Every structure is written in structure tokens, then in C-alpha cells.
Amino acid sequence: MERSGIELITLADVQAASGRIRRRAVRTPLVTCPWAEGRLWLKPENLQPVGAFKIRGAVNAVRSLPARHRAAGVVTHSSGNHGQALAFAARSEEVPCAVVVPEGAPKVKLDGMRRLGAEIVPVPPARRSEAARDIALRRGMVLVPPFDDRDVIAGQGTVGLEIVEDLAGVDTVAVPVGGGGLASGTATAVKGLRPDVRVVGVEPELAAETAEGLAEGRLVAWDPERTGRTVADGVRVGPSELTFAHMRERLDGIVTVTEEEIVHAMGVIAREARVVAEPSGALAAAAHLAGRLPGEAVVAVVSGGNTDPALLRRALD
């Protein structure tokens with residue numbers, strides 16, 4: 001147990017996840033950025049099969065299932081990257097998958113999940129979590145939440161393992177923060193291997209629940225109307241008690257960036273590094289470009305690249 005009273009995942013959990021996701025998730029490279037001030041590397045998770053880091057946690061969760069649970073399958077609630085990631089992981093393991101989506105979700109995302117073999121269950125937005133739990137109970141399926149799950153967090157932590165293994169001189173790792181699964185897992189891995197390396201979370205100013213919560217020492221929640229203002233749609237959701245406990249114990253700090261800085265960073269890394277990032281994926285790079293990250297050797301995790309083409313064109317203008 002940690003100070004929070006919640007049992008946190010360990011470095012051993014992340015190392016075990018690394019073995020499970022091998023040959024399913026891409027071991028993404030570190031991209032050098034000689035055009036940036038200081039020394040910056042990008043960790044381009046947009047290169048994953050579904051375009052985002054989410055595949056790591058989804059694969060680890062599915063491959064951790066006991067044999068007796070595989071026949072019934074897995075279920076989650078998502079309208080984006082996690083739903084596609086879980087569908088990919090389930091298909092790879094020949095496990096049934098259902099994804100509860102909000103009515104009116106983008107057709108392109110729904111089509112992507114269907115192509116991967118997922119059953120789509122549309123419900124009113126406010127009923128997503130409830131509906132997923134109901135399906136899990138009625139059908140005996142295993143609920144795999146987007147971030148509030150130890151196996152998911154451990155899978156996301158493999159990002160941190162790879163960074164430390166690939167860059168001995170790293171002194172700061174910057175990670176986008178929404179639900180907190182990526183930051184929780186990455187910080188666990190980095191601190192477990194290199195306690196001297198700083199791990200910094202990055203949020204939009206318009207969806208800074210974790211920054212406020214860490215400052216106050218308690219979990220806080222912003223209403224959807226408030227977080228919905230940010231262009232970084234992938235981080236409009238706040239942390240759970242589980243992920244907040246990890247971040248409180250293991251992050252060295254959290255910084256925020258403006259909407260203009262997010263879009264600017266999307267354009268810069270697309271032009272200079274040939275890396276396509278969705279707004280959420282550009283958060284860490286935005287923090288570095290804005291001069292808000294400490295350290296001389298910084299790795300900015302690009303968490304995903306599933307961006308709207310019109311927004312990318314705007315960023316490139």
C-alpha cells in the first residue's frame with residue numbers, strides 16, 4: 001500500500017506487461033528533434049496500429065484474462081481510441097468484444113471499431129458507464145475501462161520502460177494527462193528504473209483537473225461543459241481515484257498549456273519531425289516548445305495521431 005491507501009502497480013507489473021504486448025504493440029522509436037531548443041526527443045505513439053498508445057493497455061488487459069473468461073469476452077465504454085484499441089486486442093486473441101458508445105459518436109470511429117470486429121452498443125452519453133457495467137453483468141463479460149484498471153495502467157507503463165531503455169541520458173519525461181492511465185504507468189516504470197529522472201504531466205489549461213487536484217491534495221472533478229472547451233478531446237475526462245493516487249505519488253509535477261500552444265505544437269512537429277499528432281498527443285511537445293519543462297534531455301510522449309484533417313490543416317497554416 002502507498003500513502004493514499006490504494007495499492008499501486010509496481011515496476012514488476014509493467015515489466016510483465018511488456019512481455020505480454022510484444023508482437024502486438026509497436027515498440028515505437030525515439031525521434032530526435034535538432035530543430036528544437038535544448039535536446040528534445042518525441043516518442044511517437046501515433047505509429048501504433050490504432051494510432052494511439054491505448055493499444056498497450058488494451059492488449060495487456062486482454063492477454064491477462066484467465067482462460068475461463070475469454071469465451072464471454074470483454075466490454076468497454078468509449079467513442080475513440082480505447083474502443084478501437086480493445087477491439088484490436090480482442091480480435092488478436094479471438095475474444096468477443098462489445099463497445100458501448102455515445103449516441104452521435106463520429107461514424108469514422110464507429111466504422112473503425114466494426115472493422116476490428118467489435119459489437120457497437122449506442123446509448124445516451126450519460127449512460128455509457130452504466131450500460132457497460134450492465135452488459136458485463138448480464139453476459140458475464142469482463143469490463144475493461146479506458147484507464148481505471150491496473151492491467152491497463154501496467155500496459156501503458158511500457159512507454160516508460162522503452163524510454164529509459166532507449167535513452168540513458170534522459171532527465172525529463174513529459175506525458176499528456178487525461179484519465180491518467182498513461183501518466184500513471186509511465187511514471188511507475190521510469191521511477192522504478194531511474195528515480196532521478198523527472199516525470200511531468202501536461203494538461204490543457206481548459207481541462208486541468210489533475211493540476212488542480214494535485215495542488216489541493218485531493219481528487220477534483222470538472223463538469224463536461226467546462227472540459228469540453230478544449231480542442232484536446234482525448235483528455236477531457238479526469239482521473240479516477242486509482243490513477244490520481246499513482247500520479248500523486250509518482251509524478252514530479254504537472255504543467256498546463258494553452259489552446260494556441262497545443263495547435264502550434266501540432267503544426268511544428270508535423271512540419272519539422274514529420275509526426276502527426278492529435279491535439280491530446282501534442283500536449284507534451286507543446287509544453288517543451290513553450291519552455292515549461294525542466295531538464296536538458298527531454299522526451300515528450302506523443303500519445304496519439306488520430307486527428308481531424310481540417311484541424312491538422314489549420315495547425316499547418
Side-chain angles (χ1 to χ4, degrees), residues 6-9 13-14 16-17 20-21 24-25 50 52-103 105 109-110 112-114 116-158 178-185 188 219 221 224 234-247:
I6 295 175
E7 185 176 0
L8 308 187
I9 69 163
D13 293 325
V14 181
R20 293 190 194 101
I21 71 170
R24 292 288 189 269
V50 297
F53 76 95
K54 293 282 190 178
I55 193 171
R56 295 173 180 267
V59 169
N60 188 50
V62 171
R63 299 201 81 183
S64 297
L65 286 176
R68 66 183 183 277
H69 290 150
R70 290 186 168 229
V74 292
V75 60
T76 194
H77 51 90
S78 170
S79 61
N81 291 337
H82 178 65
Q84 293 187 74
L86 189 64
F88 176 92
R91 186 181 69 171
S92 299
E93 299 299 314
E94 299 183 346
V95 170
C97 176
V99 182
V100 176
V101 302
E103 293 172 346
K109 294 185 177 181
L110 302 184
M113 294 180 209
R114 289 193 180 98
L116 290 167
E119 173 193 355
I120 304 301
V121 183
V123 299
R127 290 201 61 245
R128 283 183 296 176
S129 297
E130 175 190 350
R133 289 193 298 270
D134 180 61
I135 289 172
L137 287 172
R138 287 190 291 105
R139 302 192 196 176
M141 302 179 94
V142 176
L143 179 63
V144 182
F147 53 85
D148 189 28
D149 180 271
R150 292 173 57 84
D151 289 329
V152 169
I153 293 171
Q156 319 303 28
T158 58
L182 177 61
S184 297
T188 297
L219 184 67
V235 295
R236 289 172 180 164
V237 62
S240 66
E241 290 187 3
L242 178 62
T243 56
F244 184 78
H246 281 81
M247 291 188 287

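Bear in mind the structure is a predicted one, so any value in this text is a computation, not a measurement.
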L86/V62 under side chain to side chain contact (heavy atoms under 4.5 Å, CB included): CA gap, chis, key distance, verdict: CA-CA 8 Å; L86 189 64; V62 171; 3.7 Å; yes
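- Nearest heavy-atom pair across V152 and A61 is CG2-CB, 4.1 Å.
- Between S184 atom OG and L8 atom CG the span is 8.5 Å, to the nearest 0.5 Å.
- For the side-chain hydrogen bond (donor to acceptor under 3.5 Å, both in side chains) condition, the pairs that include at least one residue of residues 143-155, sequence neighbours left out, are D148-S240.
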Evaluation steps, side chain to side chain contact (heavy atoms under 4.5 Å, CB included), between N81 and F53: CA-CA 9 Å; N81 291 337; F53 76 95; over 6 Å; no
Result block: side-chain N/O donor-acceptor pairs under 3.5 angstrom for residues 89-101, not counting sequence neighbours:
from	atom 1	to	atom 2	distance (Å)
S92	OG	F88	O	2.9
E93	OE1	R70	NH1	3.4
E93	OE2	R24	NE	3.1
E93	OE2	R24	NH2	3.0
E93	OE2	R63	NE	3.2

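- For E103, the CD atom sits in a packed shell: over 12 heavy atoms of surrounding residues, nucleotides or ligands are nearer than 6.0 Å.
- A 4.5 Å side-chain heavy-atom check between S64 and R20 finds at least one atom pair inside the cut-off.
- Nearest approach of A245 to I6, heavy atoms of both residues: CB-CD1, 4.0 Å.
- Across F147 and G179, no two heavy atoms sit closer than the pair CD1-O, 3.4 Å.
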Under 3.5 Å, side-chain donor or acceptor atoms of residues 128-145 against the rest of the protein: list the pairs with distances, not counting sequence neighbours.
from	atom 1	to	atom 2	distance (Å)
R128	NE	P125	O	3.4
D134	OD2	R138	NE	2.8
D134	OD2	R138	NH2	3.4
R139	NH1	E119	OE1	2.8
R139	NH2	E119	OE2	3.0

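- Every side chain to side chain donor-acceptor pair (under 3.5 Å) that T188 has, sequence neighbours left out, goes to R250.
- Contact check for P146 versus H77: side-chain heavy atoms found under the 4.5 Å cut-off.
- Of all heavy-atom pairs spanning I55 and A25, the tightest one is CG2-CB, 4.1 Å.
- In this structure, S78 contributes its side chain and G83 its backbone to a donor-acceptor pair below 3.5 Å.
- Between L242 and H246, the closest heavy-atom pair is O-ND1, 2.8 Å.
- Here the shortest heavy-atom pairing between P239 and M247 reads CB-CE, 3.7 Å.
- In this view, H82 and T76 satisfy the side chain to side chain donor-acceptor pair (under 3.5 Å) rule, not counting sequence neighbours.
- Remark: Q156 CD to R56 CZ distance equals 8.5 Å, nearest 0.5 Å.
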